[in-house]
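The structure appears below as structure tokens.
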Amino acid sequence: MTPQSSERPLILTLLIAVQMICTAFFVVDVIFDASEAGWNPVTDPEAFLEGSMVLCLAAAIWVELRFLMRLLRHNAHLARQVSLATGAFHEIVEAQFSAWELTGAERDVAMFTLKGLTIPEIAALRGSAEGTVKSHLNAIYRKAGVSGRGALLSHFIEELMSGAERSDPPAAPPQECR
């Protein structure tokens, strides 16, 4: 969820709260006018206009409340979908790492690579030399049958989108890390 979409319910809630306060003020005003002057909304155009405005404002609040509830339900649905997709992606990654028989170190490097970290960043996180990370990457690419980072990530995205479980790697020739 983007920051803009997470702010929408708050903004809409504040708008509805302000409108409710205004509506309450106008309802009280209409009641006082009616009790003091004994006006008849049918014959008094000002009273009719005030009453109509209050009804319109109340109707707008009702519509906005319905919109807010729909927006909140939609946001909750999207959050559930993202959670499911994250879980599915993790399952696919772990299953594929097992099928490729990656070592613990190779799994770490592969996961960091999928997260978009660079070789120097991975080396710093693992406390190892960049050459060691490159060596692990070459082993990962060889075992996965892919040519590099993009192909490795593409493999997992394709798995997630297709929903299919493939245990055999694609036939792309492996390349050395750069």
Side-chain angles (χ1 to χ4, degrees), residues 1-99 107-122 124-125 144 146 148-167 170:
M1 189 166 33
T2 65
Q4 181 184 8
S5 65
S6 65
E7 292 173 357
R8 287 183 193 160
L10 177 62
I11 292 169
L12 192 54
T13 301
L14 291 174
L15 177 65
I16 291 170
V18 168
Q19 287 178 331
M20 287 179 141
I21 292 168
C22 291
T23 302
F25 173 80
F26 288 125
V27 165
V28 169
D29 182 51
V30 167
I31 290 171
F32 279 135
D33 287 349
S35 63
E36 286 177 359
W39 51 251
N40 183 352
V42 177
T43 59
D44 185 0
E46 184 180 325
F48 178 76
L49 185 60
E50 264 187 61
S52 298
M53 296 272 189
V54 168
L55 289 176
C56 288
L57 194 52
I61 291 171
W62 180 77
V63 168
E64 288 170 355
L65 282 171
R66 289 181 48 93
F67 179 75
L68 177 62
M69 297 310 293
R70 187 178 308 137
L71 181 63
L72 292 174
R73 279 193 303 271
H74 182 69
N75 283 351
H77 172 74
L78 290 177
R80 282 191 304 276
Q81 294 298 91
V82 167
S83 177
L84 289 173
T86 300
F89 185 72
H90 183 71
E91 288 175 14
I92 289 170
V93 167
E94 288 300 322
Q96 197 61 68
F97 285 177
S98 295
R107 283 175 181 258
D108 287 347
V109 170
M111 190 59 77
F112 287 139
T113 301
L114 290 175
K115 290 180 180 181
L117 276 66
T118 64
I119 291 173
E121 291 170 332
I122 295 170
L125 284 172
V146 297
R149 275 177 192 262
L152 182 68
L153 182 57
S154 175
H155 172 79
F156 287 107
I157 291 172
E158 184 177 312
E159 286 284 327
L160 186 60
M161 291 177 67
S162 71
E165 303 247 347
R166 291 190 318 200
S167 58

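Distance CG/L78 to CZ/R73: 13.0 Å, rounded to 0.5 Å. We find the OG1-CD1 distance between T113 and I119 to be 7.5 Å, quoted to the nearest 0.5 Å. The CG atom of D29 lies 12.5 Å from the CE atom of M53; values are rounded to the nearest 0.5 Å. In this structure, the separation between NZ on K115 and CG on L153 is 13.0 Å, given to the nearest 0.5 Å. Atom CG in L114 sits 11.0 Å away from atom CD in Q96 (nearest 0.5 Å). Summarising the geometry, atom CD1 belonging to I92 is positioned 9.0 Å from atom NE2 belonging to H155; distances are rounded to the nearest 0.5 Å.
Evaluation of the side-chain hydrogen bond (donor to acceptor under 3.5 Å, both in side chains) rule for T118 yields E121 as partners, not counting sequence neighbours. By the side-chain hydrogen bond (donor to acceptor under 3.5 Å, both in side chains) test, E94 is found to be paired with R107, residues two or more places apart in sequence or in another chain being considered.
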Tabulate below the donor-acceptor pairs under 3.5 Å that side-chain atoms of residues 10-27 make, not counting sequence neighbours, or state none.
{"residue": "T13", "atom": "OG1", "partner": "P9", "partner atom": "O", "Å": "2.6"}
{"residue": "T23", "atom": "OG1", "partner": "Q19", "partner atom": "O", "Å": "2.7"}

